[in-house]
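Working notes for the structure below.
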Amino acid sequence: MSEQPERLVAALDLGSTRITGAIAEPQGELRAPRARVLGIATERSNGIRRGVVRHLDEVTRAIAKAMKDAETMAGMKVGSVFCGVAGEHLAARSSHGVVSVTGSEIRTGDVARVDDVASNVSFGRDHELLHAIPQDYLVDQQEGITEPIGMTGSRLEAEVYLVTILSSAVQNLRRCVERAGYQVAEFVLEPLAASLAVLTPDERELGCAMIELGGGSTNVSVFLGGKIRHTASSTFAGGHVTSDIVQGLQVTPPEAERLKERFGAVYEALVDSDEVIQLPALPAQQARAAHRHVLAHIMRMRMQEVFELALDELSRTGYRQRLGAGIILTGGGAQAPGAVELAREVFALPVRVGKPGQGLSGLTDEMESPRMAVPAGLLLYGAKEAMTGGGFGPGRRAPAVEKVLGPVRRWLQDFF
């Protein structure tokens, strides 16, 4: 197995039910990054809950197994990974900065200064900066400017979207990655990464909500005017659907997962009301069966609640009426039959399933699932970073975590 080339990137999706590792070679150019997928592997794990490590050894084992399998498929070793993060331990807010322009026109240094001023706020002792994403600029109180460099003015203002993360949570994640034998190139907000793989420029411009239906959490992110505007997380997710099946059909959690994946649906109209499925029985029990329609009803009730909570979040923040491109579903829950139909009923908006594909080549068959939106997006994010000099090879140590977490990404301003 050969060593990692300078431009090779690796992604690590740390989910509540499975951990996925992926390796790719960056291609394309800065404004249109591409990734040729060389290896991808998934390992089941229950060591992470809602983005927080709850079993250090189990997470370390799963990371090592997923990454080693991906390296075997790629035929190359990697030294660092881009890790996705999401959950209630993240927070986001907008921040405003103002500076005076030093010369006759606005230069790159002026923009960097105003971005830094907007990002230089206190997050408390328990949080640290994950992303600082420029949103809009004002030049002499003229609004709606996306790129002020070269313009004439004496006063420059910036709105920057700041995403922070609980320090202990990110330190534990980093510890697991390092114990598995890898360095963290960067922690990346999962909705930000997934959007690179599944959203079109028109959707980001017109306005859309991307809803990631994970096992431990449901993430809601709003994109409008070409940029991410809002992100939030809920604990109601796929794990609650599994728990409802356990209680409703009196089966074990592993059997509930099997029934959900093999026979599940979240829209009763798609299921034959006469179809019967066999249920697992304990040694002391007789053979059991249930109508598939009952399983679909159990799943629908919980998934409808998940969608209604997402709708409440969109309405509370004022974005419900600004989603011209509708709703995009990602994550494992988006694979359930009827998810699109139920979402259309709840949101009364256009809905589609977001499957990775844009910007990818190579082993794309392994990535064509809404469950793979985050790994695919992390590869594209890493490809963009590699083109700006942000990649890390096996012989180069990643920067200290406080240096990795808080850069103002100028290319994020261009891309979103």
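Small disclaimer: the values here were computed from a predicted structure and weren't measured. Just so it is clear, the values below take in all heavy atoms, side chains as well, and ignore hydrogens, waters and symmetry mates.
Counting non-hydrogen atoms of neighbouring residues, nucleotides and ligands closer than 6.0 angstrom, the CZ atom of Arg61 exceeds 12 such neighbours. Within a 6.0 Å sphere centred on NE2 of His240, other residues, nucleotides and ligands contribute more than 12 heavy atoms. Within 6.0 Å of NE2 in His297 there are 12 or fewer heavy atoms belonging to other residues, nucleotides or ligands.
The side-chain heavy atoms of Phe82 and Glu385, taken from C-beta on, include a pair separated by under 4.5 Å.
Contacts classified as side-chain hydrogen bond (donor to acceptor under 3.5 Å, both in side chains) and involving residues 322-339 (residues at least two apart or in different chains) are given here: Gln335-Ser369.
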Practice item. Would you sort out whether Gln27 and Ser361 count as a side chain to side chain contact (heavy atoms under 4.5 Å, CB included), showing the intermediate values? Key: CA-CA 10 Å; Gln27 295 179 337; Ser361 61; 3.7 Å; yes
Practice item. For the pair Leu173 and Val177, evaluate side chain to side chain contact (heavy atoms under 4.5 Å, CB included) and give the outcome as yes or no after the intermediate values. Key: CA-CA 6 Å; Leu173 289 171; Val177 174; 5.7 Å; no
Exercise for review: Applying salt bridge (charged side-chain N to carboxylate O under 4.0 Å, His left out), run through Asp110 and Arg113 and close with a yes or a no.
Suggested key: CA-CA 5 Å; Asp110 298 314; Arg113 281 193 301 117; 2.9 Å; yes
Practice item. Determine, step by step, whether Glu43 and Arg18 satisfy the side chain to side chain contact (heavy atoms under 4.5 Å, CB included) criterion, reporting the C-alpha distance in whole Å, the side-chain angles of both residues, the deciding distance to 0.1 Å, and the verdict. Key: CA-CA 6 Å; Glu43 177 70 9; Arg18 50 176 56 83; over 6 Å; no
Point to revise | Stepwise side chain to side chain donor-acceptor pair (under 3.5 Å) check, His291 with Glu275 | key: CA-CA 6 Å; His291 285 280; Glu275 185 177 353; over 6 Å; no
Practice item. Under the side chain to side chain donor-acceptor pair (under 3.5 Å) rule, what do Tyr381 and Glu186 come out as? Steps first, then yes or no, please. Key: CA-CA 10 Å; Tyr381 186 100; Glu186 188 175 337; 2.6 Å; yes
**Study point:** Evaluation steps, side chain to side chain contact (heavy atoms under 4.5 Å, CB included), between Asn46 and His55
**Key:** CA-CA 8 Å; Asn46 60 0; His55 195 306; 6.0 Å; no
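Checking side-chain atoms of Thr364 against main-chain N and O of Leu360 turns up no donor-acceptor pair under 3.5 Å. Within the 3.5 Å criterion, the main-chain N or O of Thr200 finds a donor-acceptor partner in the side chain of Glu203.
Side-chain atoms of Glu345 and Tyr267 include a donor-acceptor pair closer than 3.5 Å.
Of all non-hydrogen atoms in Pro337 and Leu270, the two that sit nearest each other are C-CD1, 4.0 Å. Closest non-hydrogen pair, Leu130 versus Leu189, comes out as CD2-N, 4.0 Å. The two residues Gly97 and Ala118 have their closest heavy-atom pair at N-CB, 3.7 Å.
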Pairs under 3.5 angstrom only: tabulate donor-acceptor contacts from the side chains of residues 303-310 to other protein residues two or more places apart or in another chain.
| unit_1 | atom_1 | unit_2 | atom_2 | d |
| --- | --- | --- | --- | --- |
| Gln304 | OE1 | Arg300 | NE | 3.1 |
| Gln304 | OE1 | Arg300 | NH2 | 3.3 |
| Gln304 | NE2 | Glu308 | OE2 | 3.1 |
| Glu305 | OE1 | Arg302 | NH1 | 2.8 |

Would you mind writing out the side-chain donor-acceptor pairs for residues 247-259 within the sub-3.5 Å range, not counting sequence neighbours?
| unit_1 | atom_1 | unit_2 | atom_2 | d |
| --- | --- | --- | --- | --- |
| Gln250 | NE2 | Gln247 | O | 2.9 |
| Thr252 | OG1 | Glu255 | N | 3.4 |
| Glu255 | OE1 | Arg258 | NE | 2.9 |
| Glu255 | OE1 | Arg258 | NH2 | 3.3 |
| Glu257 | OE2 | Thr242 | OG1 | 2.7 |
| Glu257 | OE2 | Lys260 | NZ | 3.3 |

